[in-house]
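What you are looking at is a predicted structure, and each value in this text was computed from that prediction instead of being measured. Order of the sequence lines sets the chain letters (A, B, ...), proteins ahead of strands, with each chain counted from 1.
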2 protein chains.
Amino acid sequence: MNSDFTLAIHSLTYLALQPDRMSTSDAISESAGVHPVRIRKVLSLLKKHGFIVSKEGTGGGFIFAAELENVNLWDIYKLTSEGALQPKCPDSNERCLVGANMHKVLFAIFLGAEEHLGEFLKNYSIKEVVDLIKHEK
Amino acid sequence: MNSDFTLAIHSLTYLALQPDRMSTSDAISESAGVHPVRIRKVLSLLKKHGFIVSKEGTGGGFIFAAELENVNLWDIYKLTSEGALQPKCPDSNERCLVGANMHKVLFAIFLGAEEHLGEFLKNYSIKEVVDLIKHEK
DNA sequence: TAATACTGTAATAATAAACTTTACAGTTCA
DNA sequence: TGAACTGTAAAGTTTATTATTACAGTATTA
């Protein structure tokens, strides 16, 4: 799994704390410690799904466009990383009972596991993450 | 996450279906479609924790050494992949409220997520996986 | 209207992680 | 003693992730 999921959480949390003005990808990337192009790529996804709004040109940037309570980590996971739990099985031996069928069995189990994980992640909205961040201070 | 977890499940399932004789790393690796050295590395872990027994020399190999019902996927996950859910955060900006504290907050959330995943994986013992494999046939 | 400060995105380069391969020491059996 | 195994380390290869470069498009401002 790449870190798009955590970068998305990081970016949204950042934006949640700047509700009144636009933030640039440079500012967010400096906070997260990654390259601005990477942030723009992740934010581009979040924009497509309406969580944020962007504006080009001078004074432009990104800003939150939803209620913090209504964006939870499972929503973000699905956008950035759905299927990431699935094991990448190499081609196994079709002439062996185990090799031939393990892929299907694991696929089904990991699908269940991801759904189960989803139930957990739904408990955390960006609002909760923001509160946790503030509490750390 | 590398595929040690799924290779361990594959190997144990394979051994579960050969309860009466030793299986070589070559045979298992052919079933799983990976290199025998990799299988031996994974099996070495499983051996350390008593799930299997190995024997060197001619006629040697690996064999299951526990009750199938008593080895579940969470046990195996812990051995092979514990912490794999944890996001690998790059060093973020300590002078930013979000950058400075996101790591701790995410660590806590993902720790919970992994425990939650554990509850799901505990539902699957190797016996169940074997049954699913047989059922696929 | 020209310069500046942004987003958006593609293409390439660098780095890191995963996996394979080679090598060889140790063990058991025939 | 030789063949068939496990056990590991080290080196090489491949793949995935991330950074960098480049540049087109858009809004602002002077």
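The side chain of A:Ser3 contributes no N or O atom lying less than 4.0 Å from OP1 or OP2 of D:dT17.
In this structure, B:Asp4 atom CG and C:dA18 atom C1' are separated by 9 Å, rounded to whole Å. D:dT6 atom C1' lies 14 Å from atom CD1 of B:Ile39, rounded to whole Å. Look at CG on B:Leu15: it is 11 Å from P on D:dT6, rounded to the nearest Å. Rounded to whole Å, the distance from NZ on A:Lys88 to C1' on D:dA16 is 9 Å. At whole-Å resolution of the value, NE2 in A:His35 and P in C:dT15 are 13 Å apart. Nucleotide C:dT22 holds its C1' atom 17 Å from the CZ atom of B:Arg38, rounded to whole Å. One can place CG of B:Asn2 at 17 Å from P of D:dT15, the figure rounded to the nearest angstrom. For the pair B:Leu45 CG and D:dT6 P, the interatomic distance rounds to 16 Å; values are reported in whole Å.
Screening residues 59-84 of chain B for salt bridge (Lys or Arg N to Asp or Glu O under 4.0 Å), with sequence neighbours left out, gives no hits. For residues 20-36 of chain A, the set of pairs meeting the salt bridge (Lys or Arg N to Asp or Glu O under 4.0 Å) definition, not counting sequence neighbours, is empty.
Taken together through direct or relayed side-chain contacts under 4.5 Å among Ile, Leu, Val, Met, Phe, Trp and Tyr, B:Leu17 and B:Leu15 form part of one hydrophobic cluster.
Every residue two or more places apart in sequence or in another chain that forms a salt bridge (Lys or Arg N to Asp or Glu O under 4.0 Å) with A:Arg38 is listed here: A:Asp4. Remark: B:Lys127 pairs with B:Asp131 by the salt bridge (Lys or Arg N to Asp or Glu O under 4.0 Å) rule, at least two apart or across chains.
Listed for the B:Glu119 side chain is no donor-acceptor partner under 3.5 Å among the backbone atoms of B:His116.
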Distances under 3.5 Å between protein N/O atoms and the N/O atoms of nucleotides 11-13 of chain D, please, pair by pair.
none

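By the 6.0 Å contact criterion, NZ on A:Lys122 is enclosed, its count of non-hydrogen atoms from other residues, nucleotides or ligands being greater than 12.
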Q.
Across nucleotides 3-12 of chain C, 5' to 3', mark each nucleotide with B, S or - according to how protein heavy atoms within less than 4.0 Å reach it.
A. -BBBBBBB--
